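Letters go in sequence order (proteins before strands), and every chain restarts at 1. Both backbone and side-chain heavy atoms feed into the values below; hydrogens, waters and symmetry mates do not. All values derive from a computational prediction rather than experimental measurement.
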Amino acid sequence: MAPHSPATDQIDTLLWIGFIAAAIVVIAINVALFYAVRKYRSERGTEPRQVSGGRKIQFRVGAMLTAFAALVFIVSVIFTDKARESPTTGSDGLAAAKKVPLQIEATGQQWLWRYDYPNGAFSYYKLVVPVDTAVALDLVTTDVIHTWNVPDLAGKRDAVPGKTAKVVFSTADEGSYTGRSATLSGQAYAAMGTEVEVVSAADYQDYIEQLKTDIESAQERVVSQIESGNVP
Amino acid sequence: MSQKPSLEIAIDAFPAKQRPRWIELATSADHKDIGRVMIGASLGFLFLALVELLMMRLQLAIPDNTFLSPVTFNRMLSDYGATAVFLFAIPLVLGFFYYVAPLQIGARGTALPRLGQLGLAIYAAGATVLYAAFLFTPSEAGVNPLAPLTELAFLANNGVDAWATATGLATLGFIFVAIDLLTTLRNMRAPGMAWRRVPIFAWAAAVGSWLILFIGPVLLAALTMLMIDRNYDGIFFADGSGGAPLLWQHLSWIFYSGTYMLILIFAFGAIAEIVATFSGKPLFNRGVVMGSLAAIAVVGTLAWMQNMLTAPIGSGWMYFAMLMSLALIVPFGLIIFNLISTMVGGALRMRAPLLFAVGAISMISIGLAAEIEHSMVATAWNLKDTTDATAATHFALVGGAVFGGFAALHYWYPKMTGRTMGESLARISFWTMIAGILLAFVPLFFAGAGEGQVIDAYKFFSGDGVDAYNLIASIGTLILAIGIVMTLVNAISSRENGPAAGHDPWGGDTLEWFALSPPDPHNFDVLPDVRSTRPMRDIRLAIAHRSGRSEEPARERQPVA
């Protein structure tokens with residue numbers, strides 16, 4: 001993962017913190033285990049000490065473990081809360097999304113994502129969003145559970161039938177970001193991915209206007225063909 | 001013991017068994033026969049699970065592979081999950097509990113033997129359903145098949161029905177065995193064996209049985225709803241008419257989280273016995289370990305929503321799941337600390353059981369540490385459903401069920417068969433397995449956390465940057481499988497060829513070593529009064545004291561004769 005949004009910056013930092021915590025645990029346990037197994041062999045020839053426990057050391061170890069768990073918990077809550085903060089639209093962003101985030105509906109279906117833009121245009125597979133703009137994706141699904149997953153821009157979210165999940169992200173970096181759906185959804189699951197293209201606000205406006213006229217002209221062509229009886 | 005020859009004469013005086021051995025085994029209500037059949041069957045299914053895993057790893061060895069079709073891959077995945085959890089891990093755990101725990105508490109059998117027999121029969125029926133369906137239309141819905149993919153609208157063939165029937169039957173069987181085990185542990189302990197003196201593995205059996213009694217019916221309820229949905233126009237998990245797809249996730253994850261904990265409770269129970277025996281010391285802070293095992297069962301099951309951190313649930317629930325998951329650091333940490341403290345100051349004999357036990361602690365520590373990152377909410381949003389999760393789960397559960405299970409197998413094999421498993425093959429197998437598991441799953445950490453490779457996918461693409469990781473993982477899985485098969489071969493061949501073991505080959509402290517190897521049908525002719533947590537040691541000391549030989553140092557507490 002290469003973080004490209006404020007939320008994924010937080011996630012990335014927390015990933016490293018978690019990695020260090022996990023590494024400490026693994027190293028501490030395995031070094032102690034290795035030391036005990038190496039040192040206290042029967043070949044030493046000493047009788048095993050018949051001690052059955054120690055109350056004091058147990059309290060100390062218990063307190064240390066509790067402190068460690070509490071520390072990890074508190075740090076996680078802090079970073080998770082930061083990652084959940086709704087981003088705001090910056091100066092380069094879309095003017096219309098200054099107050100409320102740009103609302104786009106993402107619909108998962110076997111095995112494609114469909115995006116519905118505010119002006120009525122829609123696209124499949126590829127989502128185009130303006131740079132430096134808070135984008136709020138409403139995740140829904142028409143069939144089974146799909147996970148919207150573009151790790152560079154936001155955390156994963158499941159689109160569950162009957163529920164609407166929300167992903168809000170913004171990025172300052174133009175470019176193309178890809179990801180794959182992450183919940184088994186049937187035969188073509190492995191091929192179900194999506195692409196988010198981040199462009200300037202002006203390019204975004206042009207794109208969705210062009211998309212809208214293309215869709216409308218295609219629809220008109222179909223309607224006129226039906227009316228003229230020239231149906232394929 | 002001096003009476004042993006005369007005992008054998010007495011046994012030989014009984015009339016020879018009339019029926020073939022396999023009929024005796026299949027119709028026996030003896031907990032030892034049932035336990036052995038369950039352990040044997042589960043090891044057979046371990047082999048099948050390995051074959052399925054290898055098929056999937058072969059498909060994932062190179063990018064854009066077309067070795068398996070998507071449907072075949074999903075079928076392998078579904079049956080691998082069902083086999084590994086329901087036909088291998090849980091019956092292995094229960095088989096050992098059911099064989100060993102009654103012996104450890106000095107019982108002459110179980111309280112409700114026919115119930116245990118019924119449990120084995122129903123588990124066998126479940127296994128038969130799963131593999132009979134495998135020949136026709138197995139499930140394609142994955143390891144934990146999430147609704148609504150399992151609804152009739154999306155998977156119209158009978159695969160999911162067969163999966164639900166098989167896992168439901170197996171779970172019902174486990175519940176029956178757990179009831180018998182729990183009744184036995186509560187009512188049939190030897191004189192003087194108060195709960196505080198119950199051997200740690202028998203305590204693990206009690207905790208595990210309670211856990212199955214709680215989580216088993218939850219899964220059965222969910223499966224019943226699923227069957228009603230699919231066959232009687234139900235709407236439990238169907239959206240749009242009042243159903244809730246997330247309900248399945250809650251119910252099934254309660255079961256799977258509980259099973260995860262059950263496997264680790266079994267593993268740590270067995271490891272604790274082995275570490276204490278091979279150190280020649282009592283378990284360090286026994287009471288704390290007992291309490292920690294119970295805490296893991298409760299808190300670990302309450303952490304079920306740790307599996308749902310990307311689902312649309314309230315953020316309060318996410319923090320609750322994280323709190324429960326991270327709280328597990330304390331009991332797991334205390335157990336591992338006390339296990340290592342038991343070794344410190346001991347006189348370790350590095351035989352195969354201890355080797356596997358130490359390996360199990362090490363592998364479980366990697367898996368549990370990796371789970372820390374899957375419990376921290378924001379990191380879970382990144383790591384969930386990546387191969388990082390596959391690796392974390394497999395380190396903990398292969399560490400618990402395979403390494404821990406093999407430690408238990410090597411430890412109690414002499415009791416079950418009268419022969420010890422081959423030591424050199426055990427060592428080769430152990431080191432092969434260690435190399436295999438590290439090569440198989442460490443690369444998946446990098447592929448999942450670094451490159452975001454998603455879970456359960458039938459292929460990956462050449463541009464994903466995970467080619468090398470997956471190739472190494474496939475080779476590692478093959479090495480792991482070879483190592484596991486070596487131990488299975490060792491277990492089969494040692495039945496005839498292993499060096500003969502006495503009734504107490506390891507110098508154990510608990511009462512199963514007081515019985516013959518293999519034990520008589522009634523387990524014990526006479527039972528000692530239990531006066532400590534180490535009754536077998538008391539007996540050894542008493543014999544040494546009486547015969548005037550001073551095997552133990554003089555500063556030892558005098559045993560109660």
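Minimum interatomic distance between A/I11 and B/A378 (heavy atoms only, all atoms of both residues): CG2-O, 3.6 Å. Closest approach of A/A36 and B/V344 over heavy atoms only: CB-CG2, 4.2 Å. Nearest approach of B/Y319 to A/V77, heavy atoms of both residues: OH-O, 3.9 Å. For B/W381 against A/A83, the heavy-atom pair with the smallest separation is CZ3-CB, 4.3 Å. Minimum interatomic distance between B/P282 and A/V51 (heavy atoms only, all atoms of both residues): CG-O, 3.5 Å. The two residues A/A190 and B/F461 come nearest to each other via the heavy atoms O-CE1, 3.5 Å.
Between the OG atom of A/S76 and the CE atom of B/M322 there is a distance of 4.5 Å, given to the nearest 0.5 Å. To the nearest 0.5 Å, the span separating OG on B/S325 from CZ on A/F73 amounts to 10.0 Å. Atom CG in A/L15 sits 5.0 Å away from atom CG in B/L383 (nearest 0.5 Å). Atom-to-atom distance recorded for A/L33:CG and B/L339:CG is 9.0 Å, nearest 0.5 angstrom. Rounded to the nearest 0.5 angstrom, A/Q187 CD and B/Y458 OH are separated by 9.0 Å. Taken to the nearest 0.5 Å, the CG atom of A/L184 stands 9.0 Å off from the CZ atom of B/F73.
B/N285 contributes a side-chain N or O that, together with a main-chain N or O of A/G54, makes up a donor-acceptor pair within less than 3.5 Å. At least one donor-acceptor pair under 3.5 Å links the side chain of A/K156 to the backbone N or O of B/K384. Between the side chain of A/Q50 and the main chain of B/G280, a donor-acceptor pair closer than 3.5 Å is present. Judged by distance alone, the side chain of B/T379 and the main-chain N or O of A/L14 form no donor-acceptor pair under 3.5 Å.
Listed options A/V25, A/I17, A/I145 were ranked by heavy-atom pairs under 4.5 angstrom with chain B; first place goes to A/I145. Between chain A and the options B/E151, B/R534, B/E140, B/E371, heavy-atom pairs under 4.5 Å are most frequent for B/R534. When each of A/Q10, A/K163, A/E43, A/R55 is checked for heavy-atom pairs under 4.5 Å with chain B, A/K163 comes out on top. When each of B/G345, B/A147, B/S341 is checked for heavy-atom pairs under 4.5 Å with chain A, B/G345 comes out on top. Most heavy-atom pairs under 4.5 Å with chain B, from the set A/V26, A/T178, A/T164: that is A/V26. Of the listed residues B/V71, B/N338, B/L283, the one with more heavy-atom pairs under 4.5 angstrom with chain A than any other is B/N338. Counting heavy-atom pairs closer than 4.5 Å to chain A, the top-ranked of the candidates B/K459, B/M350, B/R349 is B/M350. Counting heavy-atom pairs closer than 4.5 Å to chain A, the top-ranked of the candidates B/A244, B/S315, B/G287 is B/S315. Note on B/V358, B/T386, B/L309, B/L146: by heavy-atom pairs under 4.5 Å with chain A, the leading option is B/V358. The candidate from A/V37, A/T183, A/T46, A/V75 with the greatest count of non-hydrogen atom pairs under 4.5 Å with chain B is A/V37.
Looking at A/S181, the atoms closer than 4.5 Å to chain B (heavy atoms on both sides) all sit in the backbone: N, CA, C or O. Looking at A/R44, only its side chain comes within 4.5 Å of chain B, counting heavy atoms on both sides. The contact between A/N30 and chain B is made entirely by side chain atoms (from C-beta outward), counting heavy-atom distances below 4.5 Å. With a threshold of 4.5 angstrom between heavy atoms, B/A276 does not approach chain A through any atom at all. Using a 4.5 Å cut-off between heavy atoms, A/T66 touches chain B through backbone and side chain atoms alike. The contact between B/N74 and chain A is made entirely by side chain atoms (from C-beta outward), counting heavy-atom distances below 4.5 Å. Of the two parts of B/A141, only the backbone, made up of N, CA, C and O, holds a non-hydrogen atom closer than 4.5 Å to a non-hydrogen atom of chain A.
Considering only heavy atoms from C-beta on, A/P48 stays 4.5 Å or farther from B/S279 through its side chain. Using a 4.5 Å cut-off on side-chain heavy atoms (C-beta onward), B/F460 and A/R180 make no contact. Counting only heavy atoms from C-beta outward, the side chains of B/L348 and A/S42 never approach each other to under 4.5 Å. Within the 4.5 Å cutoff, side-chain heavy atoms of B/V454 are placed close to those of A/Y189. With contacts defined as side-chain heavy-atom distances shorter than 4.5 Å, the pair A/I29/B/S362 does not qualify.
Within the structure, the salt bridge (charged side-chain N to carboxylate O under 4.0 Å, His left out) test picks out the following pairs touching residues 56-83 of chain A (sequence neighbours left out): A/D81-A/R84.
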After noting the C-alpha distance and the side-chain angles of B/M376 and A/T80, does the key distance pass the side-chain contact (heavy atoms from CB on, under 4.5 Å) rule? CA-CA 8 Å; B/M376 299 156 70; A/T80 304; over 6 Å; no
Given A/Q110 and B/L149, is the side-chain contact (heavy atoms from CB on, under 4.5 Å) satisfied, shown in steps? CA-CA 11 Å; A/Q110 287 175 329; B/L149 181 63; 4.1 Å; yes
With side-chain contact (heavy atoms from CB on, under 4.5 Å) as the test, would you mind laying out the steps for A/Y40 and B/K281 before giving the verdict? CA-CA 12 Å; A/Y40 297 101; B/K281 283 181 62 188; over 6 Å; no
The test is side-chain contact (heavy atoms from CB on, under 4.5 Å); show your working for A/F68 and B/V330 and say whether it passes. CA-CA 9 Å; A/F68 177 73; B/V330 180; over 6 Å; no
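The neighbour count for A/F19 CZ, taken as heavy atoms of other residues, nucleotides or ligands under 6.0 Å away, does not exceed 12. Within 6.0 Å of CZ in B/F320 there are more than 12 heavy atoms belonging to other residues, nucleotides or ligands.
Contacts of residues 126-140 of chain A with chain B at a heavy-atom distance below 4.5 Å are absent; not one residue qualifies.
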